[in-house]
Undergrad: 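One structure, as structure tokens, below. Some questions next.
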There are 2 protein chains.
Amino acid sequence: MGTTPSNTSTAPSGTSRRDEILRVAGELFRRHGYHATSMRELAKRLNLRGASLYAHIDSKEELLREIVDRAADAFLASARGVPCDASPVARLEAFVRGHLRVIEGQIETAAVFFHEWTHLSGPARQHVVERRDAYQAELRAIVAAGVASGDFDVEDVDVATLLTLSTLNWSYQWLDPRGRLPLEELTAFYTEYVLGALGAGKGAQR
Amino acid sequence: MGTTPSNTSTAPSGTSRRDEILRVAGELFRRHGYHATSMRELAKRLNLRGASLYAHIDSKEELLREIVDRAADAFLASARGVPCDASPVARLEAFVRGHLRVIEGQIETAAVFFHEWTHLSGPARQHVVERRDAYQAELRAIVAAGVASGDFDVEDVDVATLLTLSTLNWSYQWLDPRGRLPLEELTAFYTEYVLGALGAGKGAQR
DNA sequence: CCTACCGATCGGTAGG
DNA sequence: CCTACCGATCGGTAGG
């Protein structure tokens with residue numbers, strides 16, 4: 001507005017040019033998909049020419065790799081931040097909150113992580129698979145602990161883990177960070193839903 | 001094998017060439033994504049040249065449109081086949097079974113439906129959105145009926161519907177039609193999980 | 001960060 | 001269903 005030049009994307013201070021490229025790439029990859037996004041389009045959003053991007057990055061796939069990597073970091077850090085000494089119910093709630101927080105806080109990165117990671121190849125792809133497995137293992141440990149303590153009641157821990165992760169994972173499709181539901185309310189809904197699914201409260205009626 | 005010519009894709013009898021193109025397109029779109037699949041690659045899998053495809057179809061997008069359309073048909077038909085006069089619990093189970101049956105029966109089509117429909121544009125895209133909404137409305141009616149009858153106990157019918165659909169939708173990511181779990185067993189797991197999540201059995205303990 | 005440019009490949013058409 | 005071919009666009013490089 002006013003006298004400022006028509007620079008569409010103003011960089012937040014402290015953000016490197018590279019971070020800005022990644023941010024905009026995340027937006028475009030999310031909206032159009034990795035392969036439907038051209039480097040020229042990405043450059044245009046940043047007010048520069050396609051070739052200039054290569055002063056900051058090596059390749060298009062590197063962008064995807066780094067976006068997916070950052071999301072995987074965030075999810076894994078969130079899961080590993082869940083206190084092991086808390087009760088299974090509290091741990092599950094913390095896991096859910098963390099998952100939703102990551103999605104809400106970086107919906108573009110998260111969406112690209114869930115939707116476009118298959119377009120990675122070689123070791124990068126393998127690296128993603130490993131971290132997804134690690135994330136799933138964190139949730140599985142919580143479910144197993146709940147079954148062991150009698151707080152949960154499920155027939156098959158692996159299937160229960162898979163279904164719970166399914167419930168959480170799909171949320172990137174519809175969760176709107178600028179939506180009406182605040183994180184804590186959404187966490188409460190999700191937690192109650194998942195706890196019921198895991199058979200919590202079957203023994204102890206309220 | 002034997003003396004048969006090296007025709008990699010043998011058409012099932014009664015299947016038109018066009019159906020065969022759609023089938024193979026579904027496989028490739030699922031594996032590589034819509035934009036990462038070239039018409040030449042598709043043609044090669046069918047032992048013909050890229051240009052020859054256009055004797056059977058008008059455009060690449062038409063392929064996507066028809067694949068997504070067929071999947072939407074299948075899901076909607078499944079949901080509408082659930083008997084309205086059954087109990088909410090039975091209706092939910094039937095909905096779950098139908099959903100899983102569609103995915104298991106046509107995993108390629110279903111995966112493309114969930115993953116690639118955003119690459120449709122204009123009226124085709126709108127058409128998909130309408131049918132997704134209709135499918136969701138079918139599930140919502142079941143959840144609402146269960147709440148009304150006292151069989152289910154949820155705080156918010158819309159959120160509960162959304163989370164249940166999330167649990168079901170993600171299954172295209174991992175469900176393996178050639179996997180160990182037969183449909184009925186998987187249906188039983190899912191149904192128990194979702195019924196618990198919806199608060200069924202909270203009042204009446206078994 | 002720019003201009004100029006590269007070879008490759010894309011979806012699709014013409015004409016048989 | 002083929003050969004031959006089209007304009008457009010792709011990711012990326014050279015050289016400044």
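Below, chain A is the first sequence line, B the second, and so on; all start at residue 1.
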Undergrad: State which residues pass side-chain contact (heavy atoms from CB on, under 4.5 Å) with A:Asp153; sequence neighbours excluded, sorted by chain then number.
TA: A:Lys202

Undergrad: For B:Leu48 and D:dC1, give me the distance from atom CG to atom P, rounded to whole Å.
TA: 6 Å

Undergrad: Between B:Arg49 and D:dA4, does any side-chain N or O lie under 4.0 Å from OP1 or OP2?
TA: no

Undergrad: Excluding sequence neighbours, so at least two apart, what forms salt bridge (charged side-chain N to carboxylate O under 4.0 Å, His left out) with A:Glu27?
TA: A:Arg23

Undergrad: Just by protein heavy atoms under 4.0 Å, how would nucleotides 9-16 of chain D read 5' to 3' in B, S and -?
TA: -BBBB---

Undergrad: What residues, two or more places apart in sequence or in another chain, satisfy side-chain contact (heavy atoms from CB on, under 4.5 Å) together with B:Asp176?
TA: B:Arg178, B:Arg180

Undergrad: If we check side chain to side chain contact (heavy atoms under 4.5 Å, CB included) with A:Leu63, which of these qualifies: A:Val112, A:Ile57, A:Thr37?
TA: A:Ile57

Undergrad: For DNA chain D, produce a single dot-bracket line, 5' to 3'. Pairs: Watson-Crick or G-U wobble, both distances under 3.5 Å. Symbols: ( ) within strand, [ ] crossing, | other strand, . unpaired.
TA: ||||||||||||||||

Undergrad: Please identify each residue that fulfils side-chain contact (heavy atoms from CB on, under 4.5 Å) with B:Gln173, with sequence neighbours left out.
TA: B:His115, B:Trp170

Undergrad: Taking side-chain hydrogen bond (donor to acceptor under 3.5 Å, both in side chains) as the definition, give me every residue that meets it alongside A:Glu62, ordered by chain and number, with sequence neighbours left out.
TA: A:Arg18

Undergrad: Kindly list each side-chain donor-acceptor pair under 3.5 angstrom involving residues 154-163 of chain B, sequence neighbours excluded, with atom names and distances?
TA:
from     : atom 1 : to       : atom 2 : distance (Å)
B:Asp156 : OD1    : B:Asp158 : N      : 2.9
B:Asp156 : OD1    : B:Val159 : N      : 2.9
B:Asp158 : OD1    : B:Arg140 : NE     : 2.6
B:Thr161 : OG1    : B:Val157 : O      : 2.8

Undergrad: Taking only distance into account, with no hydrogens and no angle test, what donor-acceptor pairs under 3.5 Å do side-chain atoms of residues 92-105 of chain B form with protein atoms, sequence neighbours excluded?
TA:
from    : atom 1 : to       : atom 2 : distance (Å)
B:Glu93 : OE2    : B:Arg97  : NH2    : 3.2
B:Arg97 : NE     : B:Glu184 : OE2    : 2.6
B:Arg97 : NH2    : B:Glu184 : OE1    : 3.2
B:His99 : ND1    : B:Tyr135 : OH     : 2.6
B:His99 : NE2    : B:Leu168 : O      : 3.3

